[in-house]
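Every chain is numbered from 1, with letters handed out A, B, ... down the list of sequences. Just so it is clear, the values below take in all heavy atoms, side chains as well, and ignore hydrogens, waters and symmetry mates.
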Amino acid sequence: MRIQTMLENIRDTWKSLIEEELALYAAEKVGDVGPLPPLVAQTPPKPELGDLAFPLFAYAKIFHLGPPALAQSLKERIEKRAGHPAGQILISGPYLNVKIDTASLATALAAKIGEEQDRYGTNDSLGSKRITIEFSCPNTNKPLHLGHMRNDSLGMSMAAILAANGATVRKVNLINNRGVHICKSMLAYQKFSEGETPESSGIKGDHLVGNYYVKFAQWAKEDPTAEAQAQAMLKAWEEGDSEVLELWQRMNDWTMAGLYESYESMGISFDAFYWESETYKYGKDEILKGLENGVFYREEDGSVWVDLTRDKLDKKVLLRSDGTSLYITQDVGTAIMRHKDWPFDAHIYVVGSEQQYHFKVLFRTLQLLGYSWAENLHHLSYGMVNLPEGKMKSREGTVVDADELLSSLSALAEEEIRSKGREGEVGDLRETSRAIALGALNYYLLQVTSSKDMIFNPAESISFNGNTGPYLQYMGARISSMLAKFHSESPEVEALGFDASLLSLSDERELVKLLARYPEVVAKAGDQYDPSLVTAYLYELSKLFSRYYHDNPVLKAPSPELVRSRIELVRMVNQVLKNAFALVGIPYLASM
RNA sequence: GCGCCAAUAGCUCAGUCGGAUAGAGCAACUGCCUUCUAAGCAGUAGGUCGUAGGUUCGAUUCCUACUUGGCGUACCA
């Protein structure tokens with residue numbers, strides 16, 4: 001159970017007070033009317049209208065009163081009551097609005113953020129839960145591309161968000177290192193490479209292997225036997241042909257070395273790796289067990305099926321007629337093995353939306369096999385990443401390569417820093433540029449509702465202006481330098497202490513409320529598996545803060561007391577920025 | 001054919017539980033750097049929320065049909 005935030009507390013106090021008054025009023029005015037419709041709490045569209053809004057439309061009929069008149073009467077009745085909570089009732093047409101006492105909220109918030117620091121915003125609602133999240137899962141025949149990056153951003157972010165909600169999270173990566181597609185790059189390498197290696201060519205291993213995957217496709221266009229040769233190689237691999245296995249091992253090592261390097265530079269990490277070469281035979285026994293238990297059935301040709309027509313999922317084959325495994329077979333086996341390995345309460349698969357049907361079938365099949373944990377499997381499905389001119393196609397060379405994208409973004413960030421003449425102030429120039437590139441990319445990818453397809457516009461993605469990661473990072477950098485200046489120039493002001501009543505500007509009140517709302521955002525992002533809630537929050541906070549500190553001097557505020565109190569607000573914004581950045585893969589930069 | 005998903009400004013995206021005048025960014029145009037970092041701030045302009053019905057005091061939001069687009073519907077992964 002999640003603990004209520006301060007803001008929710010205030011809202012609920014007012015809500016029950018008004019509900020109580022409504023009930024009393026109804027009893028007086030119209031007698032016994034039974035239970036009233038529940039009161040709805042909303043946020044007014046504009047700050048001038050108050051902080052909480054309670055629409056009264058639903059009560060008009062019962063009271064035989066127009067909502068505006070009802071709002072007026074309620075206001076008068078509540079104001080007469082002794083000891084109503086701090087705040088002010090404002091009537092706006094049919095709405096009864098409340099302007100809450102943000103000074104006391106700010107005081108409590110400053111204490112809370114000061115105490116919790118990096119933990120502010122986290123909760124323990126998933127405190128007893130063990131959750132695995134499986135993502136990335138690349139093939140070992142080519143380097144990472146933009147599609148993987150959306151997957152990785154989502155996986156990393158969700159892992160952080162779930163941990164912030166108290167879960168013990170285990171990030172796993174199942175490497176697809178076998179299959180006919182792997183044999184294709186191997187075959188092309190055998191035929192065309194003349195023995196080049198990453199060392200001899202100076203090409204990063206995953207890119208080198210990827211080049212041969214492309215070469216295979218070209219060759220297969222001319223030679224109709226190419227596909228069959230690849231199949232033959234797979235057969236040899238499965239039979240343990242030592243020459244094939246040796247080549248496979250060597251090329252896999254190259255690819256993995258390249259992928260590890262990419263992960264490292266993109267800040268992506270895992271708690272465990274699994275290898276399809278070791279798991280691909282799993283699941284067969286489980287399917288046969290299900291056959292014995294009568295939850296599956298066998299066709300005349302020997303293939304094994306599950307009938308999911310009642311779930312509107314049709315009949316699906318689980319084992320080929322020759323007794324060999326399929327994709328779904330090994331997914332069944334892998335899931336069971338994974339649960340034995342590290343018993344989880346929930347398991348999340350971060351996989352593209354094109355596999356929704358597959359996962360529905362997988363989950364239902366595991367349920368039929370009697371695994372109770374199968375109820376808690378989730379497919380975190382994300383849409384495709386397309387380009388403005390259409391789909392990315394590796395054959396047409398329109399795939400956006402992850403390494404290239406990241407290094408070109410880094411180069412642009414570096415150029416930007418130089419053009420501002422700040423290369424002396426940002427510490428390690430390369431590191432800072434890389435951090436900006438990463439923040440830009442993660443923010444770009446996580447901003448969009450994950451289930452939707454998105455269009456990746458290269459021109460737009462390299463812009464660091466507007467609603468972008470660097471815009472957010474810039475806030476942090478500005479705050480950092482402001483705080484540093486405060487400490488060096490006027491340390492004596494610190495002792496004046498925080499007086500929240502001095503923060504009476506509209507933007508200050510809005511900032512306080514927004515900061516108080518952050519824990520709700522973390523909780524909701526965890527509930528809904530939706531990092532875009534965090535990115536949206538970050539933009540709102542940065543936008544508001546940008547305007548605030550542009551219009552209102554902090555260090556040169558009219559009085560030292562006001563300086564001190566504004567500094568407290570700035571510190572709170574800084575802490576929340578840092579905490580939220582960590583959830584969506586945006587590096588915090590003290591200087592940029 | 002059947003199933004799942006989407007459709008909001010020129011473009012890319014937000015839009016809370018059905019609620020007040022539907023919001024950002026980019027692109028266009030206008031101001032603001034002797035100023036806590038202009039990767040910024042403020043403003044102008046830009047909308048039949050795909051179409052048609054329905055439910056409701058009230059619909060971008062819920063329901064139905066249709067149109068358009070994407071994905072799936074393999075003894076591929």
Side-chain angles (χ1 to χ4, degrees), chain A residues 38 40-46 49 53 55 57-58 60-61 67 92-95 97 139 176 178-181 276 280 299 301-305 312-314 316-331 352-358 360 381 383-384 386 388 391 413 416-417 419-420 422 425 436 440 444 447-449 451-457 459-461 463-475 477-486 489 524 532-533 535-536 539-540 543 546-557 563 566 570 591-592:
Chain A
V40 178
Q42 296 172 342
T43 308
K46 283 180 150 187
L49 296 171
F57 302 99
K61 268 187 193 164
S92 173
Y95 293 86
N97 292 353
N139 293 323
N176 296 301
R178 70 163 286 282
V180 70
H181 51 300
E276 201 191 338
Y280 78 103
E299 282 286 349
D301 63 3
S303 53
V304 178
W305 294 70
K312 293 183 179 171
L313 294 171
D314 223 329
K316 302 301 295 181
V317 66
L318 299 174
L319 222 48
R320 287 195 186 94
S321 49
D322 65 5
T324 57
S325 299
L326 291 122
Y327 179 47
I328 183 115
T329 323
Q330 68 176 275
D331 263 9
S353 56
E354 68 274 13
Q355 293 197 37
Q356 277 184 29
Y357 181 59
H358 169 76
K360 279 184 191 162
S381 144
M384 305 207 141
N386 297 320
K391 296 184 68 163
E416 181 81 20
I417 292 168
S419 76
K420 296 173 77 181
R422 291 188 56 82
E425 300 177 59
I436 292 169
Y444 191 94
Q447 228 185 338
V448 180
T449 306
S451 60
K452 286 192 184 178
D453 288 356
M454 67 182 288
I455 292 179
F456 180 88
N457 186 328
E460 194 182 298
S461 76
S463 159
F464 297 149
N465 302 321
N467 187 357
T468 63
Y471 171 78
L472 306 176
Q473 289 173 313
Y474 182 63
M475 286 307 102
R478 290 288 298 269
I479 289 174
S480 271
S481 80
M482 194 191 296
L483 292 175
K485 207 162 186 172
F486 174 73
E489 287 177 8
K524 199 170 171 187
S532 74
L533 296 175
T535 55
Y539 185 64
E540 198 184 344
K543 185 95 176 129
S546 290
R547 185 177 67 200
Y548 169 66
Y549 87 132
H550 180 269
D551 294 348
N552 304 285
V554 175
L555 300 178
K556 289 176 187 159
V563 171
R566 284 184 175 171
V570 169
S591 183
M592 65 185 280

Query raised in the report: Do the ring planes of His358(A) and Tyr327(A) sit parallel (below 30°), tilted (30 to 60°) or perpendicular (above 60°)?
Result: parallel
Query raised in the report: Taking OP1 and OP2 of A77(B), is either one under 4.0 Å from a side-chain nitrogen or oxygen of Tyr357(A)?
Result: no
Query - Nearest-angstrom distance from the residue atom CG of Asn552(A) to C1' of G40(B) - result: 15 Å
Query raised in the report: Between Ser546(A) and C41(B), does any side-chain N or O lie under 4.0 Å from OP1 or OP2?
Result: yes
Query raised in the report: Of the nucleotides A42(B), A74(B), G70(B), which has the atom closest to the Lys316(A) side chain?
Result: A74(B)
Report task. Give one of base, sugar-phosphate or nothing for Ala41(A), where a contact means two heavy atoms less than 4.0 Å apart. Result -> base
Query raised in the report: NA contact type, Gln42(A), heavy-atom cut-off 4.0 Å: base, sugar-phosphate, or nothing?
Result: base
Query raised in the report: When all nucleic acid strands are considered with a 4.0 Å heavy-atom cut-off, which category describes Leu326(A): base, sugar-phosphate, or nothing?
Result: sugar-phosphate
**Report entry** Whether Ser480(A) side chain and Ala477(A) backbone form a donor-acceptor pair below 3.5 Å
**Finding:** no
Query raised in the report: Would you say Lys452(A) reaches A7(B)'s phosphate, i.e. side-chain N/O to OP1/OP2 under 4.0 Å?
Result: yes
Query raised in the report: Is there side-chain contact between Glu354(A) and Met384(A), with heavy atoms separated by less than 4.5 Å?
Result: yes
Report task. For Val448(A), answer base if it contacts any base atom (sugar-phosphate contacts may also be present), sugar-phosphate if it contacts only those atoms, and nothing otherwise; contact means non-hydrogen atoms under 4.0 Å. Result -> sugar-phosphate
Requested in this report: Round to the nearest Å and state the distance from Tyr95(A) atom OH to C57(B) atom P.
Outcome: 16 Å
**Report entry** Length of the CG-P vector between Asn139(A) and A77(B), whole Å
**Finding:** 12 Å
Report task. From the options A39(B), A42(B), C57(B), select the nucleotide whose nearest atom is closest to the side chain of Met592(A). Result -> A39(B)
**Report entry** Residue-phosphate contact under 4.0 Å: Thr468(A) side-chain N/O, G25(B) OP1/OP2
**Finding:** no
Report summary line: By the Watson-Crick or G-U definition, both distances under 3.5 Å, G46(B) is matched with none
Query raised in the report: Does Tyr444(A) or Val317(A) map to a spot on RNA chain B nearer the 5' end, using the closest nucleotide for each?
Result: Tyr444(A)
Report task. Looking only at non-hydrogen atoms, find the nearest pair between Phe57(A) and Pro94(A) and report the distance. Result -> CZ-CG, 3.6 Å
Requested in this report: From the options G15(B), U12(B), G19(B), select the nucleotide whose nearest atom is closest to the side chain of Thr449(A).
Outcome: G15(B)
Query raised in the report: Which one is paired to G18(B), where only Watson-Crick or G-U wobble pairs with both distances under 3.5 angstrom count?
Result: none
Report task. Indicate syn or anti for C13(B), taking the glycosidic torsion and treating anything within 90° of 0 as syn. Result -> anti
Query - RNA chain B: 5'-proximal contact among Met482(A) and Lys46(A) (nearest heavy atom) - result: Lys46(A)
Query - Asn457(A) backbone acceptor or donor facing Tyr444(A) side chain under 3.5 Å - result: yes
Query raised in the report: When we call it a touch if two heavy atoms are under 4.0 Å apart, what does Ser591(A) touch: a base, just sugar-phosphate, or nothing?
Result: base
Query raised in the report: Would you say the side chain of Lys420(A) and the base of A39(B) hold a donor-acceptor pair, judged only by whether the two atoms sit under 3.5 Å apart?
Result: yes
**Report entry** P-based separation of A6(B) from G15(B) [nearest Å]
**Finding:** 12 Å
Query raised in the report: Looking for any heavy atom pair under 4.0 Å, which part of the strands does Phe486(A) touch: base, sugar-phosphate only, or nothing?
Result: nothing
Requested in this report: Using both distances under 3.5 Å as the test, list the Watson-Crick or G-U wobble partner of A39(B), or none.
Outcome: none
Query raised in the report: Are Ile479(A) and Tyr549(A) close enough that some pair of their side-chain heavy atoms sits under 4.5 Å apart?
Result: no
Query raised in the report: Between the main-chain N or O of Leu318(A) and the side-chain N or O of Thr329(A), is there a donor-acceptor pair closer than 3.5 Å?
Result: yes
**Report entry** Sugar-phosphate, base or nothing in reach of Ala53(A), heavy atoms under 4.0 Å
**Finding:** base
Query raised in the report: Base, sugar-phosphate, or nothing: which does Gln473(A) touch, judged by heavy atoms less than 4.0 Å apart?
Result: nothing
Report task. Just name whichever nucleotide pairs with A7(B), Watson-Crick or G-U, keeping both distances under 3.5 Å, else none. Result -> U67(B)
**Report entry** Sugar-phosphate, base or nothing in reach of Asp331(A), heavy atoms under 4.0 Å
**Finding:** nothing
Query raised in the report: Does Asn465(A) make a side-chain N or O approach to OP1 or OP2 of G40(B) shorter than 4.0 Å?
Result: yes
Requested in this report: Name the nucleic acid region contacted by Phe57(A), choosing base, sugar-phosphate or nothing; use a 4.0 angstrom heavy-atom cut-off, strictly under.
Outcome: base
Report task. Please state the P separation for the pair A22(B) and G46(B) - nearest whole angstrom. Result -> 14 Å
Query - Spacing between Asn467(A) atom CG and A24(B) atom C1', to the nearest angstrom - result: 7 Å
Requested in this report: Provide the Watson-Crick or G-U wobble partner of U60(B), both distances under 3.5 Å; none if there is no partner.
Outcome: none
Query - Nucleotide nearest Lys360(A) when distance is taken to its side chain, options C36(B), C4(B), C13(B) - result: C4(B)
Query raised in the report: Which value, in whole Å, describes the distance between the C1' atoms of nucleotides U55(B) and U68(B)?
Result: 26 Å
Requested in this report: Please tell me which of the listed nucleotides, G72(B), A20(B), G70(B), lies nearest to the side chain of Asp453(A)?
Outcome: G70(B)
**Report entry** Selected nucleotide, minimal atom distance to Ile436(A) side chain, candidates A39(B), C4(B), A74(B)
**Finding:** A39(B)
Query raised in the report: When all nucleic acid strands are considered with a 4.0 Å heavy-atom cut-off, which category describes Ala477(A): base, sugar-phosphate, or nothing?
Result: base
Query - Phosphate contact (G40(B) OP1 or OP2) by Arg547(A) side-chain N/O below 4.0 Å - result: no
Query raised in the report: Base, sugar-phosphate, or nothing for Glu276(A), non-hydrogen atoms under 4.0 angstrom?
Result: sugar-phosphate
Query raised in the report: Which nucleotide in the list C36(B), A20(B), C4(B) gets nearest to the side chain of Pro44(A)?
Result: A20(B)
Query raised in the report: How many Å lie between CE on Met454(A) and P on C71(B), as a whole number?
Result: 17 Å
Query - Distance test, side-chain N/O of Lys312(A) to OP1/OP2 of C4(B), below 4.0 Å - result: no
Query raised in the report: Quick check: does any side chain N or O of Arg320(A) sit under 3.5 Å from a backbone N or O of Ser303(A), one acting as donor and the other as acceptor?
Result: no
Report task. Have a look at Ile417(A) and say if it touches a base, only the backbone sugar-phosphate, or nothing, with a 4.0 Å heavy-atom cut-off. Result -> base
Query raised in the report: Any chance the side chains of Ser591(A) and Arg422(A) put a donor and an acceptor closer than 3.5 Å?
Result: yes
Requested in this report: In sequence, state the C-alpha distance, the side-chain angles, and the governing distance for Glu416(A) and Met592(A), and then conclude on side chain to side chain contact (heavy atoms under 4.5 Å, CB included).
Outcome: CA-CA 10 Å; Glu416(A) 181 81 20; Met592(A) 65 185 280; over 6 Å; no
Report task. With C1' as the reference atom in both, quote the distance from C49(B) to G18(B) in angstrom, rounded to an integer. Result -> 15 Å
Report task. In whole angstrom, give the distance that lies between atom CD of Gln355(A) and atom P of G3(B). Result -> 22 Å
Query raised in the report: So which nucleotide from C36(B), A24(B), A20(B) ends up closest to the side chain of Ser92(A)?
Result: A20(B)
Requested in this report: Both distances under 3.5 Å, Watson-Crick or G-U wobble: report the partner of U55(B), or none.
Outcome: none
Query raised in the report: Of the nucleotides C13(B), A39(B), C41(B), which one has an atom closest to the side chain of Phe464(A)?
Result: A39(B)
Report task. Provide the Watson-Crick or G-U wobble partner of U73(B), both distances under 3.5 Å; none if there is no partner. Result -> G1(B)
Query raised in the report: Checking all strands, does Gln356(A) fall into the base, sugar-phosphate, or nothing category for heavy-atom contacts under 4.0 angstrom?
Result: sugar-phosphate
Report summary line: Among C36(B), C17(B), U12(B), the one nearest any side-chain atom of Tyr549(A) is C36(B)
